[in-house]
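Structure in structure tokens, see below.
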Amino acid sequence: MDFKTKLTNWYSNNKRDLPWRHTKNPYHIWLSEIILQQTQVKQGLPYYKAFIKHYPTVFELANASEQEVLKLWQGLGYYSRARNLHKTAKHVAFELNGNFPDNYKDLLKLKGVGDYTASAIASIAFNEVSAVVDGNVYRVLSRYFGIETPINSTAGIKKFKKLASSLIDKGNPAMFNQAIMEFGATHCKPKNPYCIVCPLNESCVALQKNLIDSLPVKLKKTKVKTKFFNFLVCIDKNNKTILEKRTSKGIWQNLYQFPLLESHKSLSSEEFHLLDLEDSVLKNLKYDYSLYNEEDIIHKLSHQHLHTKFWIIEAEKLTAKAILTNEIKNYPVPVLISDFIESFNFNKL
DNA sequence: AATTCGGGGGA
DNA sequence: TCCCCAGAATT
């Protein structure tokens with residue numbers, strides 16, 4: 001038996017029952033692939049179900065507001081995926097009459113669709129022979145063939161795409177692509193893979209050479225930066241508060257938060273005045289303040305550690321853009337903010 | 001070629 | 001802690 005036969009046989013006996021495996025609807029396949037980018041099935045599954053329920057077709061998604069889409073995406077991370085999802089839905093619905101492109105080349109033109117996702121949709125929804133290369137494929141192929149080229153180098157990206165293309169089952173590209181990914185996800189795992197009972201173990205180079213734990217090779221990532229965030233949680237006698245939209249580039253674009261002031265260090269309660277309050281929502285306002293958390297809440301992103309303090313600001317009457325605190329739930333917010341909102345009882349004041 | 005985008009979970 | 005996850009876009 002050759003590589004693809006052993007792999008697809010394993011898949012037939014071991015695949016998980018997942019909702020997007022019961023359809024060839026390009027909208028459903030596309031939605032699942034966007035959600036699953038850099039996201040484990042367990043984490044993405046409830047979001048997939050929620051999106052299908054709220055937006056049964058690409059037209060409902062296209063007609064939704066970006067804020068509503070981001071709210072439904074809240075907690076999943078990489079929010080550019082949600083913004084691009086919405087843009088592409090509008091494009092498909094209004095420019096392409098609701099029809100997704102049906103081939104790799106044209107799928108690649110869609111916002112948020114790169115090499116992996118274009119191959120995935122083309123093969124799974126349209127049976128095009130186009131090999132996917134995701135994190136699972138890198139791991140399976142680097143181990144089986146004993147390839148030490150870094151998977152995130154230009155040479156590695158080309159080599160593994162070419163190798164996967166040479167292995168794909170041209171008679172059933174949809175099954176082969178899903179099989180190799182599923183095999184990587186549940187069998188040829190990063191830690192403690194099931195080599196003893198592996199259908200490919202007789203010919204796996206990494207297993208023979210004891211390289212399982214050192215493959216795949218990956219270039220080291222950049223180091224994490226530390227930032228100090230101070231959120232101003234304003235509350236007035238009318239039970240109103242202030243949320244601001246993050247409009248600039250960077251993390252959490254188009255999500256909402258309490259007014260934010262950054263500092264160069266973690267501030268104590270006595271150092272509140274070190275914040276640049278002149279240019280903040282507190283300008284020309286009488287207020288009392290208190291520190292909600294003495295210890296920094298450290299919110300860890302992949303490339304930033306956010307040392308966070310929440311300052312409770314009580315005022316007589318907030319001006320301008322204040323909203324009722326019971327309306328907060330309508331706004332998409334980062335997990336850091338939603339965790340605070342959950343722990344802080346606005347109604348007690 | 002490197003960096004920037006989140007958040008959850010495993011060992 | 002560190003690493004990984006059905007990667008893409010930007011610099």
Side-chain angles (χ1 to χ4, degrees), chain A residues 11 15-16 18-21 29-48 70 73-85 87-88 107-121 123-124 131-140 150-158 160-161 164 174 176-186 188-193 213-225 227 246 248-255 298-306 332-339:
Chain A
Y11 181 65
K15 66 179 176 183
R16 291 168 288 182
L18 300 170
W20 48 84
R21 290 186 174 154
I29 301 299
W30 165 72
L31 182 57
S32 71
E33 293 301 341
I34 302 299
I35 287 174
L36 292 173
Q37 286 169 3
Q38 291 292 284
T39 303
Q40 298 193 156
V41 167
K42 189 197 302 182
Q43 187 187 4
L45 184 53
Y47 287 85
Y48 174 81
L70 282 171
W73 196 273
Q74 179 178 307
L76 197 54
Y78 286 158
Y79 297 94
S80 66
R81 289 185 294 170
R83 298 190 301 270
N84 287 333
L85 184 82
K87 274 183 208 157
T88 293
L107 284 162
L108 201 51
K109 298 173 184 171
L110 301 177
K111 283 290 186 187
V113 175
D115 179 80
Y116 162 77
T117 305
S119 288
I121 300 172
S123 62
I124 297 171
V132 296
V133 183
D134 72 336
N136 295 305
V137 177
Y138 281 123
R139 184 168 53 258
V140 171
I151 60 173
N152 54 343
S153 66
T154 302
I157 292 168
K158 285 181 61 179
F160 284 98
K161 180 75 177 184
F176 176 87
N177 277 342
Q178 295 184 81
I180 192 169
M181 291 191 284
E182 184 78 343
F183 181 73
T186 69
C188 191
K189 302 178 296 175
K191 303 278 180 63
N192 304 319
D213 290 329
S214 57
L215 289 175
V217 174
K218 196 170 183 178
L219 267 34
K220 59 182 180 296
K221 66 178 194 300
T222 57
K223 80 179 212 294
V224 177
K225 294 176 182 174
K227 291 187 175 180
R246 292 182 65 95
S248 59
K249 290 189 295 181
I251 61 170
W252 304 330
Q253 187 179 11
N254 292 2
L255 273 67
I298 303 176
H299 188 74
K300 294 179 177 179
L301 307 181
S302 49
H303 58 297
Q304 293 181 33
H305 287 182
L306 309 176
V333 297
V335 167
L336 174 60
I337 301 298
S338 65
D339 283 352

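Sequence lines set the chain letters: A, B, ... in the order given, protein chains first and strands last, and positions in each chain run from 1. Side chains included, hydrogens not; waters and symmetry mates left out as well; all remaining heavy atoms used.
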C:dA6 base to A:Arg21 side chain: any donor-acceptor pair below 3.5 Å?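 Side chain to base: pair present.
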
Do any side-chain nitrogens or oxygens of A:Lys249 fall under 4.0 Å of OP1 or OP2 in C:dT11?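 The answer is yes; a side-chain N or O of A:Lys249 sits under 4.0 Å from OP1 or OP2.
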
Taking atom P of B:dG6 as reference, at what distance in whole Å does atom CD1 of A:Ile34 sit?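 A:Ile34 atom CD1 is separated from B:dG6 atom P by 16 Å.
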
Should A:Lys189 be listed as having a side-chain N or O under 4.0 Å from OP1 or OP2 of C:dC4? no

Comparing A:Gln40 and A:Lys111 on DNA chain C - which has the more 5′ nearest nucleotide: A:Gln40

Under 4.0 Å: is that the gap between some side-chain N or O of A:His303 and OP1 or OP2 of B:dG6? no

Would you be so kind as to tabulate the donor-acceptor pairs closer than 3.5 Å made by side chains of residues 107-116 of chain A, with sequence neighbours excluded?
{"from": "A:Lys109", "atom 1": "NZ", "to": "A:Asp106", "atom 2": "OD1", "distance (Å)": "3.1"}
{"from": "A:Asp115", "atom 1": "OD1", "to": "A:Tyr104", "atom 2": "OH", "distance (Å)": "2.5"}
{"from": "A:Asp115", "atom 1": "OD1", "to": "A:Lys161", "atom 2": "NZ", "distance (Å)": "3.2"}
{"from": "A:Asp115", "atom 1": "OD2", "to": "A:Lys161", "atom 2": "NZ", "distance (Å)": "3.0"}
{"from": "A:Tyr116", "atom 1": "OH", "to": "A:Glu33", "atom 2": "OE1", "distance (Å)": "2.7"}

Side-chain N or O of A:Tyr79 less than 4.0 angstrom from OP1 or OP2 on B:dG7? yes

On DNA chain B, check which nucleotide each of A:Ser80 and A:Lys42 is closest to and give me the residue with the more 5' one. A:Ser80

Measure CG/A:Leu336 against C1'/B:dG7 and give the value in whole Å, please.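 Rounded to the whole Å, the gap is 12 Å.
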
Under 3.5 Å, is there an N or O donor on one side and an acceptor on the other linking the side chain of A:Thr39 and the base of B:dG6?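 Checked by distance alone, the answer is yes.
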
So, does A:Arg139 get its side chain near the phosphate of C:dC5, meaning an N or O under 4.0 Å from OP1 or OP2?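 Yes.
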
Taking only the side-chain nitrogens and oxygens of A:Gln304, find out if one of them lies under 4.0 Å from OP1 or OP2 of B:dC5. yes

Picking from C:dA6, C:dA8, B:dG6, the nucleotide nearest the side-chain atoms of A:Leu18 would be C:dA6

So, is A:Lys300 near the phosphate of C:dT1, with a side-chain N or O under 4.0 Å from OP1 or OP2? yes

Would you say A:Trp73 places a side-chain N or O within less than 4.0 Å of OP1 or OP2 belonging to B:dG7? no

Just the rounded figure in Å: distance from P of C:dA6 to CD of A:Gln38. 9 Å

Considering only side-chain heavy atoms of A:Ile251, which listed nucleotide, C:dA6, B:dG6, B:dG7, is closest?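 Closest nucleotide among those given: B:dG6.
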
